[in-house]
Amino acid sequence: MQEATKKLCDALQQTAEYQDYIRCEAEIDQDSGIQALVKEYKRLQMTVQMRMLSGQGTDDADSRRFQQLSALLFADQRTAGYLLSEMRMQQMMGSIFEQITRAAGMDMPVPV
């Protein structure tokens, strides 16, 4: 099983999606200010999503800040590229997880 897992990891690292993600991440890592903005964006994204999923609704201040950060980050080519490459990686990982759980005969749907 460990050998198969290693092969899967090696194959994953050879994909265009992974290579693009690593390249974009390296660009982001060169600027601590951008790193801080991306970290705050992800924190707010998680906060807003968790509130919505739990039925609490959204906090207007967090939602506004998230929207402002989204506009700022997606207006910059580097951060937009990074965030989009991360989304593509998440989609690929979700697809892999879905295929593995299906092969195991488990019903564990991946949220879209």
A side-chain contact here means heavy atoms from C-beta on lying under 4.5 Å apart; do [X] and [Y] qualify?
X: Ile34; Y: Tyr82; value: no
X: Leu69; Y: Gln45; value: no
X: Arg88; Y: Leu84; value: yes

For [X] versus [Y], what's the shortest heavy-atom pair and its separation?
X: Tyr21; Y: Met89; answer: CB-CG, 3.7 Å
X: Thr101; Y: Glu98; answer: OG1-O, 3.0 Å
X: Tyr41; Y: Leu83; answer: CE2-CD2, 3.9 Å
X: Phe74; Y: Thr79; answer: N-OG1, 4.5 Å
X: Asp62; Y: Thr47; answer: OD2-CG2, 3.6 Å

Between the side chain of Ser95 and the main-chain N/O of Gln91, is any donor-acceptor distance below 3.5 Å?
no
[X] [atom1] to [Y] [atom2] distance, which is reported to the nearest 0.5 Å:
X: Glu17; Y: Met93; atom1: CD; atom2: CE; result: 11.5 Å
X: Cys24; Y: Asp29; atom1: SG; atom2: CG; result: 11.0 Å
X: Gln68; Y: Leu72; atom1: CD; atom2: CG; result: 9.5 Å
X: Asp76; Y: Ile28; atom1: CG; atom2: CD1; result: 7.0 Å
X: Thr5; Y: Gln2; atom1: OG1; atom2: CD; result: 7.5 Å
X: Leu44; Y: Arg64; atom1: CG; atom2: CZ; result: 12.0 Å

Between Asp20 and Arg23, does any NZ, NE, NH1 or NH2 come within less than 4.0 Å of an OD or OE carboxylate oxygen?
yes
Taking Glu3 first and then Lys6, would you say they form a salt bridge - that is, a charged N and a carboxylate O separated by under 4.0 Å?
no
Scan Gln35, Lys42, Glu40 and name whichever one has a side chain to side chain contact (heavy atoms under 4.5 Å, CB included) with Val38.
Lys42
